[in-house]
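These notes concern the structure reproduced below.
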Amino acid sequence: PDLEALKKEAAVRATHLVRSGMRVGLGTGSTAKYAIEELARRIQAGELTDITGVATSEASDTLARSLGLRVEVLDPRPLDLAIDGADEIDPQLNLIKGLGGALLREKLTEIQARQLVIIADHTKVVERLGQKAPLPIEIARFGFLSTIERLRAQLPGGRLRQPGAQPYVTDNGNYIYDAQLPETFDPATLERQLKGTLGVVDTGFFLGMATHAFVAAPDGVRELVR
Ligand code: DER
């Protein structure tokens, strides 16, 4: 099966963890899109009732509402379950996320989820974070050139680049820059250093947050539990 079929299969498996009455975090990206569509299908089929969604991006908010889902803004109440994609998944279910530019609202939402269920195809699985993806970093727009200089001083080799011809502007009006990670580093230490850098809003490290992952590979969907 092709990659899209595998992503959809993982999304369908994750959506079957949703029970009626749940408050569900709705992820962002091409894999999470399949989960939002499957959730809407289950509601329309009468398999689920009384579902409230909390979207992690304007794009997911628009998609969910267009499919008839009830979507509310994030408030301090916990979420029963959040379903989202990832750019990298390590053996401890630590993640790199954010290549879709939604990392801040995703982290703000998913930190409140009792269960964070990651859905991905097998190309996202790594032995060590940084092997396949850069680390997206959301930085404040004001004074961003200064912030970039501060970040370059933090990062070995100072490898920081904007994703495209110009910086990506997030739903929050901030910029996203991608950091090439060094060969070896400690994610928790690097996360603390980056978060402590003036002008950095947040990073794509999602450490110790995911509880579950459905990884679709050509030979089937693997379920990983932290
Ligand atoms: O930007 C994000 O955090 C997305 O969830 C990303 O990590 C995964 O997007 P994809 O499912 O389209 O690969």
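Whatever order the structure lists them in is the order used to number ligands and atoms, beginning at 1.
Ligand 1 has no atom lying under 4.0 Å from any heavy atom of K33. A heavy-atom separation below 4.0 Å is not found between P136 and ligand 1.
Distance from atom 11 (O) of ligand 1 to its nearest protein heavy atom, with residue and atom name: T31 OG1, 2.7 Å. For atom 1 (O) of ligand 1, the nearest non-hydrogen atom of the protein is G100 N, 2.6 Å. Among all protein heavy atoms, the one lying closest to atom 3 (O) of ligand 1 is E106 OE1, 2.7 Å. Protein heavy atom nearest atom 6 (C) of ligand 1, with residue, atom name and distance: D87 OD1, 3.5 Å. Counting protein heavy atoms only, atom 4 (C) of ligand 1 is closest to T28 O, 3.2 Å.
K8 is not listed as a side-chain neighbour of E37, based on a closest heavy-atom distance of 4.5 Å or more. Using a 4.5 Å heavy-atom threshold, the side chains of L104 and V201 count as touching.
Counting heavy atoms closer than 4.0 Å to ligand 1, residue K7 contributes nothing at all. Only the side chain of D84 comes within 4.0 Å of ligand 1, judged by heavy-atom distances.
Panel note: side chain Q131, backbone E127; a donor-acceptor pair is recorded below 3.5 Å. Counting only distance, with no hydrogens or angles, the side chain of D75 and the backbone of R77 share a donor-acceptor pair below 3.5 Å. Within the 3.5 Å criterion, the main-chain N or O of Q115 finds no donor-acceptor partner in the side chain of T211. Listed for the K97 side chain is no donor-acceptor partner under 3.5 Å among the backbone atoms of A102. Side-chain atoms of D87 come within 3.5 Å of backbone N or O of G98 as a donor-acceptor pair. Looking at R152, its side chain never comes within 3.5 Å of a backbone N or O of R159 through a donor-acceptor pair.
In the vicinity of L99, heavy-atom distances shorter than 4.0 Å reach the ligand 1 atoms 1 (O). Each of the atoms 1 (O) of ligand 1 lies under 4.0 Å from some heavy atom of G101. Numbered from 1 in the order shown, with element, the atoms of ligand 1 that lie under 4.0 Å from a heavy atom of K124 read 10 (P), 13 (O).
Aromatic ring pairs are classed by plane angle as parallel below 30°, tilted from 30° to 60° and perpendicular above 60°; the pair F144 and Y175 is perpendicular.
Of the polar atoms of I96, none of the N or O atoms is found under 3.5 Å from an N or O of ligand 1, judged by distance alone.
With A86, G29, A10, S30 as candidates, the residue nearest to atom 8 (C) of ligand 1 on a non-hydrogen basis is A86.
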